[in-house]
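Written below as structure tokens is the structure these notes are about.
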Amino acid sequence: MKKILVTFLSLFSFVSAEQVTILGINDMHAHIDRLPQLATFLKQERAARPDVLLFSAGDHRTGNPYVDIGEVPGLAMIELMNALRVDVSALGNHEFDSGLEALRRCMAAADFPFVCANVRSNDGGEFKAEPYRILERGGVRIGVLGLVQTSEGDIPDVHPERVSGLKFREPLSAVRDYVYLREHCDVLILLTHLGFETDVKLAALCPEAGAIVGGHSHTRVDGAHVENGVLITQAQNKVKYITRLTFEVEDGKVISKKAELISLADLPQDADMLAAVKAVKNSPHMLRQLTTVRKDIDNRESLGCLMTDALRAAAGTQIAVLNRGSVRLEEFPAGPFRVEDCYRLDPFGNKTVVMKVTGKELVEFIDAVTASGHYGPPCVSGMRIVTTAQQPMKIAEACLEDGTPIDPEAIYTMATSNYLTGTVSVVPADSGSLLDIDAAIALLQFLDGRPSIDYSSVSRTGGSTK
């Protein structure tokens, strides 16, 4: 009799458990050509699981001129996300790339809420991102708390001018104020744009969370990494993958959970989304060919050398310096180079600063850029640099393009971006002058009308570039 009762109770428990399915995607970076496959996947999922939720961990934009350039930068991506029926989104650092007014207009156009618990207006006034949102599916309450990364200057990785008027808290400090949310929901999801390593630290601080749906570091997490009982997920970037999280919830408690990483590569294209993407890309101006690339360019530095050559020519300086993180493509195939490709290479719109620097200041500035970047030493024009193999990486040698060593006491003219002068820890004494031109426009002017270019093997650095 006891065995029968136990079996009955087990069956009752199984029947009464509710299943919650959450789909997580991150760092789409306006790769709209992959959205038709994503739309196909979502239709299949919703047919099988009508209550499925779709969360984005931020950085929807910055990576495609059709999205990033226009009257309201980023708006086209929001409209496509509305069509995808996103339920909740975090704010990524690149959501701020065009400033607050553009972001506010994008958020107002979104059919879904943005959540971010570590940002507010400086004056305490309203900023449209909510700290969290609580949703309900099948009687289960799902709390979604948003967090965005901060770095130097206690702001996200963006030019300081773009977030003027906002105040950010360090995310691991901010999350402690919201641990009470678990009392008001059955499943707590941290929707973060912090990077995988920070998510691991977050899980240690917040075991109340069922899972972290993360972004920013573009990490491919196969299934989930479990830390302190918390599932940590991330689906790489650029709409290559999506994560499916499944929770079994009984009496307000999660009794089982799992995560699966799913490739979107081989799915057919959804016709409706394909038509929507084609409508966004229907711009004759952006498709105009500027020149022809003779040979494949297979690395970021060579593309950066092209960009710094263009910047140096536009500014009329001896030297140009850009961080490798501003080069948003890792390769470029032989063939047409169009207007759109200028903005694909540099979608940020940072202005150009022209300044006079001593040789000593120049080397110190390049050292500081190297230390603050994630891709190695900067790209340069008009000079060559050699870096040390040991960490932290430093400049071991620097010379002009003709081989003349940089004289610490000599004065040189340099062009760079106002992003670097506003974020790097060591900058020259001369504040310089601001040109109303960015790297993309400089590149357009540099290439327009040239029969062809070959940057396939251009390199101006030596030593360790890893």
Side-chain angles (χ1 to χ4, degrees), residues 152 297-332 345-346 348 350 352-430 432 438-439 442-443 446 453-466:
E152 292 185 17
I297 305 172
D298 64 1
N299 66 91
R300 190 186 294 266
E301 192 212 345
S302 294
L303 287 167
C305 289
L306 169 60
M307 291 169 62
T308 50
D309 283 353
L311 194 67
R312 180 184 168 207
T317 55
Q318 294 169 278
I319 291 165
V321 178
L322 289 173
N323 60 310
R324 291 199 192 194
S326 68
V327 184
R328 301 312 288 181
L329 298 179
E330 296 178 2
E331 58 186 8
F332 198 96
L345 266 171
D346 183 358
F348 301 110
N350 294 314
T352 300
V353 179
V354 174
M355 56 180 61
K356 293 181 179 180
V357 298
T358 66
K360 181 175 182 291
E361 288 177 321
L362 174 62
V363 172
E364 288 176 344
F365 177 67
I366 293 175
D367 266 338
V369 175
T370 303
S372 64
H374 302 292
Y375 300 95
C379 301
V380 297
S381 177
M383 67 178 298
R384 296 180 180 276
I385 57 177
V386 176
T387 59
T388 60
Q390 70 271 20
Q391 297 295 328
M393 189 182 296
K394 303 283 286 183
I395 305 304
E397 299 176 24
C399 64
L400 296 176
E401 57 185 344
D402 64 2
T404 304
I406 296 293
D407 181 350
E409 304 300 324
I411 301 295
Y412 303 92
T413 56
M414 178 184 74
T416 189
S417 70
N418 67 336
Y419 169 76
L420 287 181
T421 58
T423 59
V424 172
S425 59
V426 179
V427 295
D430 178 22
D438 59 38
L443 189 57
F446 184 71
I453 60 168
D454 182 3
Y455 274 76
S456 59
S457 58
V458 178
S459 174
R460 295 169 187 150
T461 62
S464 174
T465 58
K466 295 181 180 179

Legend entry - Residues in side chain to side chain contact (heavy atoms under 4.5 Å, CB included) contact with Arg300, at least two apart in sequence or another chain: Arg324, Val327, Glu330, Tyr375
Inset, instruction - Enter the distance from Arg328:CZ to Leu345:CG here, rounded to the nearest 0.5 Å. - result: 11.0 Å
Inset, instruction - Check Thr421 against Val427 and note the closest heavy-atom contact, atom names and distance. - result: O-CG1, 3.7 Å
Inset, instruction - Before giving the answer on side-chain contact (heavy atoms from CB on, under 4.5 Å), spell out for Leu306 and Val458 the whole-Å C-alpha distance, their side-chain angles and the decisive distance to 0.1 Å. - result: CA-CA 9 Å; Leu306 169 60; Val458 178; over 6 Å; no
Inset, instruction - Report the distance from atom CZ of Arg384 to atom CD of Glu397, rounding to the nearest 0.5 Å. - result: 12.5 Å
Legend entry - Candidate pair Met383 and Ile366, rule side-chain contact (heavy atoms from CB on, under 4.5 Å), full reasoning: CA-CA 12 Å; Met383 67 178 298; Ile366 293 175; 3.8 Å; yes
Inset, instruction - Please round to the nearest 0.5 Å and tell me the distance separating atom OG of Ser326 and atom CG of Leu311. - result: 9.0 Å
Inset, instruction - Check whether any side-chain N or O of Thr461 sits under 3.5 Å from a backbone N or O of Ile385 as a donor-acceptor pair, and report yes or no. - result: no
Inset, instruction - Answer yes or no: is there a side-chain heavy-atom contact under 4.5 Å between Val357 and Phe365? - result: no
Inset, instruction - Identify, with sequence neighbours excluded, every residue that meets salt bridge (Lys or Arg N to Asp or Glu O under 4.0 Å) alongside Glu361. - result: none
Inset, instruction - Go through the steps to decide whether Leu420 and Val369 satisfy the test side-chain contact (heavy atoms from CB on, under 4.5 Å), and finish with yes or no. - result: CA-CA 7 Å; Leu420 287 181; Val369 175; 4.2 Å; yes
Legend entry - Partners meeting ring pair (Phe, Tyr, Trp, His ring centres under 6.0 Å) with Phe348 (sequence neighbours left out): His94
Inset, instruction - Check whether any side-chain heavy atom of Thr416 sits under 4.5 Å from a side-chain heavy atom of Thr352, and report yes or no. - result: no
Legend entry - Non-hydrogen atoms of Val380 and Arg460 that approach each other most closely: O-NH1, 2.8 Å
Legend entry - Among Ile319, Leu322, Thr308, Thr317, the one residue meeting side chain to side chain contact (heavy atoms under 4.5 Å, CB included) with Ser381: Thr308
Legend entry - For Tyr455 against Ser302, the heavy-atom pair lying closest together: O-CB, 3.2 Å
Inset, instruction - Output the distance between atom CG (Leu400) and atom CD1 (Ile406), rounded to the nearest 0.5 Å. - result: 4.0 Å
Inset, instruction - Sequence neighbours left out, what passes salt bridge (Lys or Arg N to Asp or Glu O under 4.0 Å) with Glu401? Give chain and number order. - result: Arg312
Legend entry - ring pair (Phe, Tyr, Trp, His ring centres under 6.0 Å) partners of Phe332, counting only residues at least two apart: Phe337
Inset, instruction - Report the C-alpha separation of Ile411 and Thr358 in whole Å, then their side-chain angles, then the decisive distance to 0.1 Å, and conclude whether the side-chain contact (heavy atoms from CB on, under 4.5 Å) test is met. - result: CA-CA 4 Å; Ile411 301 295; Thr358 66; 3.7 Å; yes
Inset, instruction - Kindly write out the residues that satisfy side chain to side chain contact (heavy atoms under 4.5 Å, CB included) with Ala410, not counting sequence neighbours, or none if the list is empty. - result: Asp407, Tyr412
Inset, instruction - Please report the shortest heavy-atom distance between Ala314 and Ala442, naming the atom on each side. - result: CB-CB, 3.8 Å
Inset, instruction - Decide yes or no on side chain to side chain donor-acceptor pair (under 3.5 Å) for Tyr419 and Asn323, but give the supporting numbers first. - result: CA-CA 10 Å; Tyr419 169 76; Asn323 60 310; 5.3 Å; no
Legend entry - Distance (rounded to the nearest 0.5 Å) between Asn299 CG and Ser459 OG: 7.5 Å
Inset, instruction - Drop me the distance from Ser425's OG to Glu364's CD, to the nearest 0.5 angstrom. - result: 10.5 Å
Inset, instruction - For residues Val424 and Ala368, report the shortest heavy-atom separation together with the two atoms involved. - result: CG1-CB, 3.1 Å
Legend entry - Thr388 (side chain) donor-acceptor with Ala396 (main chain) under 3.5 angstrom: no
Inset, instruction - Ignoring hydrogens and angles, tell me if any N or O in the side chain of Asp430 forms a donor-acceptor pair with the backbone of Lys356 under 3.5 Å. - result: yes
